[in-house]
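Working notes, beginning with the structure itself.
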Amino acid sequence: MRVFVIDASNMGPELQGGLIGVVGSVTPTAEEKKECVDTVSRYVADGWAVAADPHTPIGRLAALTAEAACVPFVSLSRLPQIRRTTVPLAPSLPVPDLR
């Protein structure tokens with residue numbers, strides 16, 4: 001499981017206390033589930049909001065933990081997918097023959 005801080009400085013006032021994102025494996029172990037609940041509980045006790053995909057086991061645990069603590073939950077499954085493209089950093093130039 002991974003927890004990461006999301007910059008919420010330009011978001012609504014309900015997220016100004018902080019926002020964490022939570023992701024985990026598709027088939028989490030019991031230890032990973034316990035770690036999720038323990039870690040998210042520590043953040044929500046300080047008023048942090050939680051973002052995760054509730055369609056995954058770890059995301060569902062994070063959502064339930066946020067709901068139990070009465071902090072905002074942001075569903076990552078509802079956000080639009082960002083189309084990623086690769087852009088070359090520099091055009092390909094011919095290599096000069098230095099012989």
Side-chain angles (χ1 to χ4, degrees):
M1 183 196 76
R2 293 184 311 163
V3 175
F4 49 94
V5 175
I6 299 171
D7 179 11
S9 59
N10 293 325
M11 296 183 190
E14 64 277 2
L15 301 178
Q16 294 302 309
L19 177 63
I20 60 166
V22 181
V23 294
S25 66
V26 178
T27 55
T29 64
E31 181 59 33
E32 188 177 16
K33 291 176 184 178
K34 181 182 180 325
E35 178 189 13
C36 173
V37 172
D38 292 347
T39 303
V40 172
S41 294
R42 284 195 304 272
Y43 279 97
V44 299
D46 291 335
W48 288 69
V50 178
D53 181 352
H55 296 104
T56 65
I58 291 296
R60 195 168 20 263
L61 278 174
L64 291 171
T65 305
E67 181 181 5
C70 299
V71 298
F73 176 77
V74 178
S75 174
L76 294 180
S77 65
R78 299 200 52 167
L79 298 176
Q81 295 297 317
I82 298 172
R83 192 171 132 184
R84 295 188 175 123
T85 59
T86 56
V87 178
L89 296 177
S92 298
L93 300 174
V95 178
D97 187 6
L98 301 175
R99 290 187 235 170

- Message: Tell me every residue that passes side-chain hydrogen bond (donor to acceptor under 3.5 Å, both in side chains) with Asp7, counting only those two or more places apart in sequence or in another chain.
- Response: Ser9
- Message: Would you say that Ile6 contacts Met11 through its side chain, given a criterion of any heavy-atom pair below 4.5 Å between the two side chains?
- Response: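 Ile6 reaches Met11 side chain to side chain.
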- Item | ring pair (Phe, Tyr, Trp, His ring centres under 6.0 Å) partners of residues 44-65, not counting sequence neighbours, each pair once |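 Pairs touching residues 44-65 that pass the test: Tyr43-Trp48.
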- Just grab all the ring pair (Phe, Tyr, Trp, His ring centres under 6.0 Å) pairs involving residues 13-34, residues at least two apart or on different chains.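 As it turns out, there is no ring pair (Phe, Tyr, Trp, His ring centres under 6.0 Å) pair with a partner in residues 13-34 once direct neighbours are skipped.
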- State yes or no: do Val71 and Val74 share one hydrophobic cluster built from I, L, V, M, F, W and Y residues joined by side-chain heavy-atom distances below 4.5 Å, directly or via other members? no
- Message: In this structure, would Phe4 and Leu19 fall into the same cluster of hydrophobic residues linked by side-chain contacts under 4.5 Å?
- Response: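 Same cluster: Phe4 reaches Leu19 through Ile, Leu, Val, Met, Phe, Trp or Tyr contacts under 4.5 Å.
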- For the residue pair Leu15 and Ala49, what are the closest heavy atoms and their distance? CD2-CB, 3.4 Å
- Message: Suppose we screen for salt bridge (Lys or Arg N to Asp or Glu O under 4.0 Å). Which residues come up paired with Lys34, at least two apart in sequence or across chains?
- Response: Asp38
- Message: So, using salt bridge (Lys or Arg N to Asp or Glu O under 4.0 Å) as the criterion, who are the partners of Asp46 when residues are at least two apart?
- Response: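 Checked Asp46 against salt bridge (Lys or Arg N to Asp or Glu O under 4.0 Å); zero matches.
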- Item | Sequence neighbours excluded, every pair satisfying side chain to side chain donor-acceptor pair (under 3.5 Å) that has a member inside residues 12-29 |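 Non-adjacent pairs meeting side chain to side chain donor-acceptor pair (under 3.5 Å): Ser25-Glu32.
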Let me check something: any side-chain donor-acceptor pairs from residues 57-70 under 3.5 Å, sequence neighbours excluded? List them with distances.
residue: Arg60; atom: NH1; partner: Pro54; partner atom: O; Å: 3.1
residue: Thr65; atom: OG1; partner: Leu61; partner atom: O; Å: 2.8

